[in-house]
Novice: 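Quick one: the structure is below, and I'll ask about it shortly.
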Amino acid sequence: MSFEKTDGEHIALRVSVADTGIGIKDEDIQKLFSAFERIEEKRNRSIEGTGLGMSITRQLLALMGSQLEVESVYGKGSTFSFVVEQKVESWSELGDFAEALRKARAARRRYHERFTAPEAKILVVDDTPLNLKVIRGLLKQTRLGIVTAESGAEAVSLAKEQDFDVIFLDYRMPGMDGIETLARLKEESSVGTKNIPVICLTANAVSGAREEYLAAGFSDYLTKPIESERLETMLMDYLPPEKLCRPDGAPGPAPDAAAADNAVLPGWVSSLSGVDSAEGLKNCGSPDTYLDALEASAESLPDTIGTIAELQEAADWKNYTIRVHAIKSSMRIIGASELSRLAERLEAAGNAQDTGCIASDTPVLLSQLRILAAELADVFPGADDASLTPIGLPQLKEAYAGIAEFAAAFDAASVDSIVQSLQGYRIPDEEKQRFAAVKKAAAQLDWTELSRLVKA
C-alpha cells in the first residue's frame, strides 16, 4: 500500500496485491471480469469459472471512480491494484501502533477480587438468565452467597423467606417491572423495615438517571453490561462493613481487562457471526463466565426469537419492547454490538409504537438472531433449533450447488455468504452432520474437501 499527495487535503491511495502463481496470458486478462468465464479451459477443465468476485470488484471500484488494474507475467505471477482518492483529516504522524499497544497492555493490572464476603448474601433479579450467569461469574471469587430470581413475583417470594444484605433488581421486566417489584418488596417483606439497599440494574444510562432511580426508591443503580470493578465497588459501598473481608495479604489491584488479553478461548468463538469475543470476554470477566454466557444465549435464543415474532404479530408493543430491551442487553454482554444496536433501535420504536420501523427491522433482527442461534446450537448440544424455519432437501441441494460453483472458483466470500444464509434455517436431521462438515471446510478454506462434500 502506498500513496501520492495530490493537494493539501487529498491523496491517491494505491492498493496492490501480488501473487506468485501461474500468471495469466495477455489474451485471457479480460476474461477475468466476465461472470463464470473459464480461463485456459484445457488446464482448468475442472474449474467452472471465475465466479462473480472480479466482476463485482470492478463495479464497486467504478462507483468510487477507480478501476482494477492487472499486470501478469505468464508462469511467474500477477499483480492486482487500484487507486482511490482519499481525504486526509490530518497530516500528523499517528505513531507506532505496536509500541503503543504494548505499553497499554503492560500498564494494565490483572484482576484480583478486592474483598470476600462468605457471610453475606445478595439477591439478583433479572428476567434474562444470561445476565444472572454473568453476575454469578463476576462474583465467583468473592465467596458471596448469591440467590437469583427471574421475575418480580419470585423475588418478592424469596425476600419473604430469606434475609438479604443487598438486592439487585432489573428495572425492566415483563409482568411486574422494577418499580412495581420494589414497591411490593417494601410492602410484603423485611426489605423496607431493615432498609436493605436495592440497586437498580438498567441498560439505560442517561443524564439524570441516578436522580430518577433514587426518586423511585432505589438506593443506587448499575448499568448493563455490568463491569466487575463497578459491581465490586458497589458491593463494598452497600454490604455491611462487618461482613466484608479483605483477601489474604494486601488488597489486590483493581479489576482490569488484562486477564482477557491472556485468556484462551476455543477457536470456534472467534468465528461466531457478528460477535466480538474480546469485548464479550471483557464484559464477562473470565473465559468460563463468557462461555457460560454463550451457552445461556444458546438455550434462550430459540424461545426469545419465537416470542418476539408472536408479540409483533399480536401488536403487543409493551411486552415486545421489553423483549427487545432484554436482547439489547444480552447481546451487548456477549459482544454482539451490531445486534445490540439493532435491538436498541427497535426498543425505541416499540416505546414510540413506530410500527413502520418495527415492521421493517424486526425481520432483520430475527434473521440475525437465528443465524447466531444456529451457530451456538452446533457447539452447545442442549440448545435446539426448533424456532428456525426448516429448509427442504431440494433447496439445500440447490445451495450446495452454489457452494460447489463458488468453491471451484476459490470465491471464499460467496461461499461464506451461502453458508451464513443456510445457518438461518433448520437443516434436516439427516443432513446436519454433512452441513457441519461443510461449515468446517468452508471456514478452513479446504477447497478440495468442500467440493467433495457438496457434490456427494
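Treat the numbers as computed from the prediction; the structure is a model and nothing was measured. The figures here come from the full heavy-atom set of this structure, side chains too, leaving out hydrogens, waters and symmetry mates.
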Novice: Quick one: closest heavy-atom pair of P302 and E299, and the distance?
Specialist: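 Taking every non-hydrogen atom into account, CD-O, 3.9 Å.
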
Novice: For the atom pair CG (L301) and CD1 (I371), what is the distance rounded to the nearest 0.5 Å?
Specialist: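 Spacing of CG (L301) from CD1 (I371) equals 12.5 Å.
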
Novice: What's the spacing between L130 CG and S297 OG if we round to 0.5 Å?
Specialist: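 It comes to 4.0 Å.
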
Novice: If you define the side chain from C-beta out and look only at heavy atoms, does anything of P394 sit under 4.5 Å from E398?
Specialist: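 In short, these two side chains do not touch, never coming nearer than 4.5 Å.
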
Novice: Would you say the side chain of L123 lies within less than 4.5 Å of the side chain of L158, judging by non-hydrogen atoms?
Specialist: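 With C-beta onward as the side chain, the pair touches.
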
Novice: For residues L281 and P287, report the shortest heavy-atom separation together with the two atoms involved.
Specialist: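 For L281 versus P287, the nearest heavy atoms are CD1-N, 3.5 Å.
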
Novice: Scan residues 148-159 for pairs that pass side-chain hydrogen bond (donor to acceptor under 3.5 Å, both in side chains), counting only residues two or more places apart or in two chains.
Specialist: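 Those involving residues 148-159 do not exist here.
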
Novice: Is there a donor-acceptor contact under 3.5 Å from the side chain of Y320 to the main chain of L346?
Specialist: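 Absent.
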
Novice: Spell out, as yes or no, whether a donor-acceptor pair under 3.5 Å connects the side chain of S367 to the backbone of P363.
Specialist: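 Answer holds: no.
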
Novice: Do T362 and V324 touch side chain to side chain, with heavy atoms closer than 4.5 Å?
Specialist: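 Heavy-atom side-chain distance check fails, nothing below 4.5 Å.
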
Novice: Determine, step by step, whether E431 and Y400 satisfy the side chain to side chain contact (heavy atoms under 4.5 Å, CB included) criterion, reporting the C-alpha distance in whole Å, the side-chain angles of both residues, the deciding distance to 0.1 Å, and the verdict.
Specialist: CA-CA 12 Å; E431 285 288 330; Y400 281 163; 3.7 Å; yes

Novice: Determine whether a donor-acceptor pair (N or O, by modelled atom type, separation under 3.5 Å) exists between the side chain of R434 and the backbone of L453.
Specialist: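 Checked: pair present.
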
Novice: Using 0.5 Å steps for rounding, measure from the OG1 atom of T202 to the CG atom of L222.
Specialist: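 Going from OG1 on T202 over to CG on L222, the span is 10.0 Å.
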
Novice: Decide side chain to side chain contact (heavy atoms under 4.5 Å, CB included) for F168 and I226; before the verdict, give the C-alpha distance in whole Å, the side-chain angles of both, and the deciding distance to 0.1 Å.
Specialist: CA-CA 12 Å; F168 291 93; I226 295 169; over 6 Å; no

Novice: Using the side chain to side chain contact (heavy atoms under 4.5 Å, CB included) rule, take I327 and L339 through it: C-alpha gap first, then chi angles, then the decisive distance, then the call.
Specialist: CA-CA 8 Å; I327 283 291; L339 270 170; 5.8 Å; no

Novice: Tell me if the CZ atom of F3 is crowded by more than 12 foreign heavy atoms within 6.0 Å.
Specialist: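 12 or below, so no.
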
Novice: So R452 and E449, salt bridge (Lys or Arg N to Asp or Glu O under 4.0 Å) or not? Walk me through it.
Specialist: CA-CA 5 Å; R452 185 190 68 79; E449 177 66 5; 2.7 Å; yes

Novice: Using side chain to side chain contact (heavy atoms under 4.5 Å, CB included), reason through R370 and I305 one step at a time and then give a plain yes or no.
Specialist: CA-CA 7 Å; R370 289 188 182 103; I305 292 166; 3.9 Å; yes

Novice: Roughly how far, to the nearest 0.5 Å, is CG of L244 from OG1 of T116?
Specialist: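 Rounded to the nearest 0.5 Å, the OG1-CG separation comes to 8.5 Å.
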
Novice: Find out whether I334 and N283 are in side-chain contact, i.e. whether some heavy atom of one side chain is under 4.5 Å from a heavy atom of the other.
Specialist: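 I334 vs N283: side chains apart.
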
Novice: Which heavy atom in V415 sits nearest to a heavy atom in I403, and how many Å separate them?
Specialist: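 For V415 versus I403, the nearest heavy atoms are CG2-O, 4.0 Å.
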
Novice: Would you list the pairs meeting salt bridge (Lys or Arg N to Asp or Glu O under 4.0 Å) in which at least one residue belongs to residues 122-145, sequence neighbours left out?
Specialist: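 Sorted result for residues 122-145: D126-K224.
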
Novice: Is any side-chain heavy atom of Y221 closer than 4.5 Å to one of T223?
Specialist: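 Touching, per the 4.5 Å side-chain cut-off.
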
Novice: Ignoring hydrogens and geometry, is there a side-chain-to-backbone donor-acceptor pair from E232 to F115 under 3.5 Å?
Specialist: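 No; judged by distance alone, with no hydrogens or angles, the pair does not exist.
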
Novice: Would you mind reporting whether V166 and I199 have side-chain heavy atoms less than 4.5 Å apart?
Specialist: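 Counting from C-beta outward, I199 and V166 do come under 4.5 Å.
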
Novice: Heavy-atom distance under 4.5 Å between the side chains of L393 and P428, does that happen here?
Specialist: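 L393 vs P428: side chains touch.
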
Novice: I'd like to check the side chain to side chain contact (heavy atoms under 4.5 Å, CB included) partners of A216; sequence neighbours left out, ordered by chain and number.
Specialist: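 In terms of side chain to side chain contact (heavy atoms under 4.5 Å, CB included), with neighbours along the sequence ignored, A216 is linked to I179, F218.
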
Novice: Return each pair, listed once, that meets side-chain hydrogen bond (donor to acceptor under 3.5 Å, both in side chains) where at least one residue sits in residues 344-360; pairs must be two or more places apart or across chains.
Specialist: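 Only R172-E347, R172-N351, H325-E347, K328-E347 qualify under side-chain hydrogen bond (donor to acceptor under 3.5 Å, both in side chains).
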
Novice: How far apart are the closest heavy atoms of L239 and I122, and which atoms are they?
Specialist: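 Smallest heavy-atom distance, with atoms named: CD2-CG2, 4.2 Å.
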
Novice: Can you sort out the partners of E180 under salt bridge (Lys or Arg N to Asp or Glu O under 4.0 Å), two or more places apart, ordered by chain and number?
Specialist: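 Checked E180 against salt bridge (Lys or Arg N to Asp or Glu O under 4.0 Å); zero matches.
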
Novice: Are the side chains of V125 and M173 in touch, meaning some heavy atoms are under 4.5 Å apart?
Specialist: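 Yes, at least one pair of side-chain atoms sits under 4.5 Å.
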
Novice: Determine whether a donor-acceptor pair (N or O, by modelled atom type, separation under 3.5 Å) exists between the side chain of S451 and the backbone of T448.
Specialist: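 Judged by distance alone, no pair lies under 3.5 Å.
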
Novice: Starting at CG of L294, measure out to CG of L372 and round the result to the nearest 0.5 Å.
Specialist: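 It comes to 8.0 Å.
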
Novice: In plain terms, say whether E279 and K282 are close enough for a salt bridge, that is, a side-chain N and a carboxylate O under 4.0 Å apart.
Specialist: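 The answer is yes: the pair qualifies as a salt bridge.
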
Novice: Does atom CD (E242) have a neighbourhood of more than 12 heavy atoms from anything else shown, all under 6.0 Å?
Specialist: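 Counting other residues, nucleotides and ligands, CD of E242 exceeds 12 neighbours.
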
Novice: Tell me the closest heavy-atom pair linking N319 and P174, and the distance in Å.
Specialist: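 Looks like OD1-CB, 4.1 Å.
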
Novice: Determine which pairs satisfy salt bridge (Lys or Arg N to Asp or Glu O under 4.0 Å) with at least one residue from residues 156-168, sequence neighbours left out, and list them in order.
Specialist: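 For residues 156-168, and leaving out neighbouring residues, the salt bridge (Lys or Arg N to Asp or Glu O under 4.0 Å) pairs sorted by first residue read K160-E188, D163-K194, D165-K243.
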
Novice: Enter the distance from L132:CG to D170:CG here, rounded to the nearest 0.5 Å.
Specialist: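 Here the interatomic distance stands at 9.0 Å.
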
Novice: Which atom names give the shortest non-hydrogen contact between Y238 and S219, and what distance separates them?
Specialist: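 That would be OH-O, 3.3 Å.
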
Novice: Does the ring center of Y171 lie less than 6.0 Å from the ring center of Y213?
Specialist: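 Centroid distance Y171-Y213: below 6.0 Å, so yes.
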
